[in-house]
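Below is one structure; the comments refer to it alone.
In this text, all values refer to a predicted model and were calculated from it rather than measured experimentally.
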Amino acid sequence: MTPAEVTDWIDVSVTVRHGMPHWPDNPPIVLQRVLDTGRGDVCNVSHLAMGVHSGTHMDGPVHFIHGAAGLDEMPLTATMGEARVIEIEHPREITAGELGKHRLQAGERVLFRTSNSARCWHADSFVEDFVGLSEQAAVHLAETGVRTVGVDYLSVGGYHADGARIHKILLQAGIWIIEGLDLSPVTGGQYEMICLPVKLHGSDGAPARAILRPMGPSQVVSAEAAP
């Protein structure tokens with residue numbers, strides 16, 4: 001990678017594809033051509049059907065809070081601006097103890113790079129033992145007053161944890177949630193971030209495209225070092 005490329009925008013979204021892994025009780029992802037020039041049609045047209053919490057996506061407050069705002073009411077500043085990527089060392093969960101070492105500040109946008117990015121997105125099926133937030137870590141984030149939290153698999157809460165409780169702690173604190181990131185191309189540090197969810201009326205979630213641009217040197221994983 002040349003030095004100039006370090007300043008380029010980096011896509012940290014996963015590619016939506018037919019049959020990709022999804023949360024077990026959510027709808028499967030269906031992406032199929034219904035018109036195809038290869039079959040003699042005048043153009044290509046695809047059909048997409050999936051749950052709004054598939055792939056890289058965001059959660060709206062109404063996802064777990066009855067009567068709360070839909071994701072279409074999200075202020076754009078929630079996911080546009082400076083963000084910090086934090087590399088998590090714990091192999092099983094994001095703990096309050098580890099977060100305490102990073103001196104998080106109110107209003108920060110924080111993305112957690114765990115072993116999920118290198119491991120989970122290469123699997124052909126849903127990975128149950130992914131790294132998620134502990135309840136104590138969620139409380140720490142809420143009490144700190146961070147603005148946005150991003151994680152690198154399909155939920156902020158682990159599959160065998162109390163995911164509903166963890167979501168509610170964050171959402172009730174006014175924290176915006178990005179899930180399903182692939183942070184394998186980046187390392188810890190400060191970035192410019194743009195992450196915009198599809199504007200679905202009153203929705204509890206929506207697919208999103210997330211990109212980062214380094215604000216300092218040596219924050220990109222080279223092709224040789226990437227898993």
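No more than 12 heavy atoms of other residues, nucleotides or ligands lie within 6.0 Å of CZ in Arg103, so this atom counts as exposed by the packing criterion. The environment of His201 atom NE2 is sparse: at most 12 non-hydrogen atoms of other residues, nucleotides or ligands sit within 6.0 angstrom.
The hydrophobic cluster containing Val16 also contains Trp121, counting ILVMFWY residues as joined when their side-chain heavy atoms lie under 4.5 angstrom apart, directly or transitively. Side-chain heavy atoms closer than 4.5 Å link hydrophobic residues (I, L, V, M, F, W, Y) into clusters, and following such links, possibly through other members, connects Trp9 to Leu76. Under the 4.5 Å side-chain contact rule for hydrophobic residues, Leu31 and Val198 do not share a cluster. No single ILVMFWY cluster, assembled from side-chain heavy atoms under 4.5 Å apart, contains both Met74 and Leu171. In the hydrophobic cluster analysis, where Ile, Leu, Val, Met, Phe, Trp and Tyr join through side-chain heavy atoms closer than 4.5 angstrom, Val45 is grouped apart from Met50.
Looking only at atom types and distance, the side chain of Glu179 has a donor-acceptor partner in the side chain of His167 under 3.5 Å away.
Considering every non-hydrogen atom in both Asp204 and Val62, the closest pair reads CA-CG1, 3.5 Å. Taking every heavy atom of both residues into account, Asn44 and Thr37 meet most closely at OD1-N, 2.9 Å. Residues Asp72 and Lys199 approach most closely at CB-CG, 3.9 Å, considering heavy atoms. Scanning both residues, Glu135 and Ile169, for their nearest heavy atoms gives CG-CD1, 3.6 Å. Closest approach of Pro21 to Tyr153, counting heavy atoms only: CB-OH, 4.3 Å. The two residues Leu196 and Met80 have their closest heavy-atom pair at CD2-SD, 3.9 Å.
Residues Leu170 and Val156 meet the side-chain proximity criterion, which asks for heavy atoms closer than 4.5 Å. Side-chain contact check for Glu93 versus Leu133: every heavy-atom pair is 4.5 Å or farther apart. Looking at Glu98 and Ile88, their side chains come closer than 4.5 Å, going by heavy atoms from C-beta outward. Side-chain contact between Asp124 and Met20 is absent, with no heavy atoms from C-beta onward closer than 4.5 Å. For the pair Gln172/Ile65, a side-chain contact is recorded, criterion being any heavy-atom separation below 4.5 Å from C-beta on.
The backbone N or O of Thr56 sits nowhere less than 3.5 Å from a side-chain atom of Ser13 that would complete a donor-acceptor pair. Remark: the backbone N or O of Pro207 is not paired with any side-chain donor or acceptor of His57 at under 3.5 angstrom. No donor-acceptor distance shorter than 3.5 angstrom exists from the side chain of Ser203 to the backbone of Ala206, with no hydrogens or angles considered. Arg147 places no side-chain N or O within 3.5 Å of a backbone atom of Trp176 that could act as its donor or acceptor partner. In this structure, the side chain of His102 does not engage the main chain of Leu104 through any donor-acceptor pair within 3.5 Å. Remark: the backbone N or O of Glu82 is paired with a side-chain donor or acceptor of Arg109 at under 3.5 angstrom. Of the possible polar contacts, one joining the Ser134 side chain to the Ala137 backbone as a donor-acceptor pair under 3.5 Å is found. Here the side chain of Tyr191 pairs no donor or acceptor atom with the backbone of Ile211 at under 3.5 angstrom. For Glu87 (side chain) and Phe112 (main-chain N/O), no donor-acceptor pair under 3.5 Å exists by modelled atom type. The backbone N or O of Val146 lies less than 3.5 Å from no partner atom in the side chain of Thr144, so there is not a single donor-acceptor pair.
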**Report entry** From CA spacing to verdict: side-chain contact (heavy atoms from CB on, under 4.5 Å), Val131, Ile94
**Finding:** CA-CA 7 Å; Val131 179; Ile94 301 167; 4.0 Å; yes
Requested in this report: Give the intermediate values and the outcome of side-chain contact (heavy atoms from CB on, under 4.5 Å) for residues Cys195 and Met58.
Outcome: CA-CA 9 Å; Cys195 177; Met58 288 194 64; 4.2 Å; yes
Report task. Would you sort out whether Leu111 and Ile86 count as a side-chain contact (heavy atoms from CB on, under 4.5 Å), showing the intermediate values? Result -> CA-CA 6 Å; Leu111 312 178; Ile86 293 177; over 6 Å; no
Query raised in the report: Does the salt bridge (Lys or Arg N to Asp or Glu O under 4.0 Å) test come out yes or no for Arg84 and Glu108, once each step is laid out?
Result: CA-CA 8 Å; Arg84 179 162 35 148; Glu108 274 198 275; 2.8 Å; yes
Requested in this report: In sequence, state the C-alpha distance, the side-chain angles, and the governing distance for Asp59 and Leu71, and then conclude on side-chain contact (heavy atoms from CB on, under 4.5 Å).
Outcome: CA-CA 7 Å; Asp59 290 352; Leu71 193 53; over 6 Å; no
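Ring orientation note: the planes of Trp23 and Phe130 are nearly perpendicular, at an angle over 60° on the 30°/60° scale.
Distance check: Ile178 CD1 to Ile175 CD1 gives 12.0 Å after rounding to the nearest 0.5 Å. In this structure, Gln136 CD and Glu143 CD are separated by 11.0 Å, a value rounded to the nearest 0.5 Å.
Using a cut-off of 4.0 Å between Lys/Arg side-chain N and Asp/Glu carboxylate O, Asp41 and Arg33 are scored as not salt-bridged. By the 4.0 Å N-to-carboxylate-O rule, Arg165 lies too far from Asp162 to be salt-bridged with it. Ion pair Asp182/Arg113 not flagged as a salt bridge, since none of the NZ, NE, NH1 or NH2 atoms sits closer than 4.0 Å to an Asp/Glu carboxylate oxygen.
When Leu181, Leu183, Ile194 are each tested for a side-chain contact (heavy atoms from CB on, under 4.5 Å) with Leu212, only one passes: Leu183.
For His63 and His53, the gap between ring centers is short of 6.0 Å.
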